[in-house]
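Here the structure is a predicted model, which is why all the values come from computation and not from measurement.
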Amino acid sequence: MSIATWLPFLLLPLLGLCAIKAVQAAQLLAAALWLAGLSAATAASLYLIGAYDMAVIELSLSLGLVTVLLAFAISMVGANSPDTMLRRRPDRALVVLVLILMVALILPATAVPALTAGVDGDFSAVLWETRQPDILVQIALIFAGVLGVLRLLRQDPDTTPPVAQVQEPTEADKEAVS
Amino acid sequence: MTTLWFAAALFLLLVALYGLMLARNLIKIVIIIQILVKAGMLALVLASKVSGQLALGQSLAVTVIVADTIVVVIGLALAIRAQARFGTLDVDQIVALEG
């Protein structure tokens, strides 16, 4: 039995476990680490599906950049800041309703054909030629995000302490020195 | 096997929706939104693979990931400002404040 055959049965429970633990974690840093695990499992899943380029991007952006950003933000607000999730047991009727919805939504998916094998077009050609407007939108989004963050994290002039001004020595000061 | 992948994406979506109903911490909400987007992206790539247009699906998923990363950056910056301004990350307490 090849690794590609049994690996999905390892990844699927891992996806669910990481998602549940990320939601349930009381500490923010723990939740961020479980999210990093979910990103890794998602990247492996994308690789198994055949989306190799997406797997690399998921690893670098979600697992790398987002985890670092979350760790930075959590360190700024306080690593011991707990999550204030409502501490109550979910209603049993709600759980049953959610399970029924899951089954009702999954059943039609059983008619989906199997994953097609073989090459599904050139990713770089589609990305840089066919989807050029998407690239321009992404560039605009990135610039907008950078400008937004610079503005949000700028110190408020009302709260920033004024710079101490140098005062010219008075006549009394000059006489005291002499 | 395809059904199991779609079921995994659906499960992630439901877990994220459940968490959004309960979470009150701003940074925790950002984390749960990440789970939500991963579910959608996984379903998008799966659908493109099934339809034989994986390259198109991947290029669209790249746009989704970039937009999602910007959302994370802005969301965390807002959370840091909210913490500095209100002294708390609890959305219920922030909403209850009367300025």
Side-chain angles (χ1 to χ4, degrees), chain A residues 8 12 15-16 19-20 22-23 28 31-32 35 38-39 42 45-46 49-51 53-54 57-58 61-62 65-66 69-70 73-74 76-77 81 83-86 98 102 105-106 109-110 112-116 120-123 125-127 130-131 134 137-138 141-142 144-145 148-149 152-153, chain B residues 1-8 10-12 14-16 18-19 22-25 27-28 30-32 34-35 38-39 41-42 45-63 65-74 76-81 83 89-90 92:
Chain A
L12 291 172
L15 279 172
I20 291 171
V23 167
L28 291 177
L35 180 68
L38 178 62
S39 300
T42 305
S45 303
L46 289 170
I49 292 169
D53 302 295
M54 273 311 303
I57 294 171
E58 175 74 13
L61 278 183
S62 295
L65 179 62
V66 171
L69 287 174
L70 281 170
I74 291 168
M76 288 197 72
V77 300
S81 172
D83 175 37
T84 52
M85 270 183 74
L86 299 177
V98 169
M102 280 181 67
L105 287 172
I106 290 173
T110 56
V112 176
L115 298 178
T116 57
D120 297 300
D122 185 15
F123 170 66
V126 172
L127 181 67
T130 309
R131 306 303 307 177
D134 289 349
V137 166
Q138 290 172 36
L141 273 176
I142 291 168
V149 169
L152 281 169
L153 295 182
Chain B
M1 198 63 224
T2 312
T3 305
L4 287 178
W5 287 118
F6 274 113
L10 180 64
F11 184 75
L12 289 181
L14 291 175
V15 167
Y18 178 75
L22 297 184
R24 283 156 48 180
N25 188 299
I27 294 182
K28 190 63 170 290
V30 170
I31 291 173
I32 294 173
Q34 288 293 292
I35 302 174
K38 280 188 205 314
M41 189 192 61
L42 196 57
V45 172
L46 275 170
S48 64
K49 180 66 176 176
V50 165
S51 62
Q53 296 181 336
L54 186 58
L56 178 61
Q58 286 190 93
S59 62
L60 293 175
V62 166
T63 307
I65 280 194
V66 169
D68 176 53
T69 304
I70 301 298
V71 164
V72 168
V73 169
I74 298 290
L76 292 178
L78 284 171
I80 293 171
R81 287 296 286 175
Q83 167 77 358
L89 289 174
D90 192 331
D92 288 341

Review point. Could you go step by step and tell me if A/Gln138 and B/Val62 meet the side chain to side chain contact (heavy atoms under 4.5 Å, CB included) rule?
Key: CA-CA 9 Å; A/Gln138 290 172 36; B/Val62 166; 3.9 Å; yes

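- By the 4.5 Å heavy-atom criterion applied to side chains, A/Glu58 and B/Met41 are counted as neighbours.
- The NZ atom of B/Lys38 sits 11.0 Å away from the OG atom of A/Ser45 when rounded to the nearest 0.5 Å.
- The distance from atom CE of A/Met54 to atom CD1 of B/Ile65, rounded to the nearest 0.5 Å, is 3.5 Å.
- Shortest non-hydrogen contact noted between B/Gly19 and A/Val23 is CA-CG1, 3.6 Å.
- Counting heavy atoms from C-beta on, the side chains of B/Leu42 and A/Ile49 come closer than 4.5 Å.
- Using a 4.5 Å cut-off between heavy atoms, A/Leu65 touches chain B through its side chain atoms alone.
- Note that the CG atom of A/Leu38 and the CD1 atom of B/Ile31 stand 11.5 Å from one another [nearest 0.5 Å].
- The shortest non-hydrogen separation linking A/Ala19 to B/Leu12 is CB-CD2, 3.4 Å.
- Atom CG of A/Leu46 is separated from atom NZ of B/Lys49 by 12.0 Å, given to the nearest 0.5 angstrom.
- Contacts of B/Val15 with chain A are made by both backbone and side-chain atoms, with heavy-atom separations under 4.5 Å.
- Side-chain contact between A/Leu70 and B/Gln34 is absent, with no heavy-atom pair separated by less than 4.5 Å.
- Partners of B/Thr69 under the side chain to side chain donor-acceptor pair (under 3.5 Å) rule, at least two apart in sequence or in another chain, do not exist in this structure.
- The closest side-chain heavy-atom distance from A/Val137 to B/Val66 is not below 4.5 Å.
- Heavy atoms only, all atoms of each residue included: A/Val149 and B/Ala77 are closest at CG2-CB, 4.3 Å.
- Rounded to the nearest 0.5 Å, atoms CG (A/Leu61) and CG (B/Asp68) are 9.5 Å apart.
- Proximity to chain A (any heavy atom under 4.5 Å) is shown, for B/Ile74, by both the backbone and the side chain.
- For B/Leu54 against A/Gly50, the heavy-atom pair with the smallest separation is CD2-O, 3.4 Å.
- When every heavy atom of A/Ala22 is checked against every heavy atom of B/Lys28, the shortest pair comes out as O-CE, 3.0 Å.
- One distance of note links CG of A/Leu28 with CG of B/Leu89; it measures 7.5 Å at 0.5 Å rounding.
- Minimum interatomic distance between A/Ala51 and B/Val45 (heavy atoms only, all atoms of both residues): CB-CG1, 3.6 Å.
- Between chain B and the residues A/Gly16, A/Ser39, A/Ser62, A/Ala144, the largest count of heavy-atom pairs under 4.5 Å involves A/Ser39.
- With contacts defined as side-chain heavy-atom distances shorter than 4.5 Å, the pair B/Phe11/A/Leu12 does not qualify.
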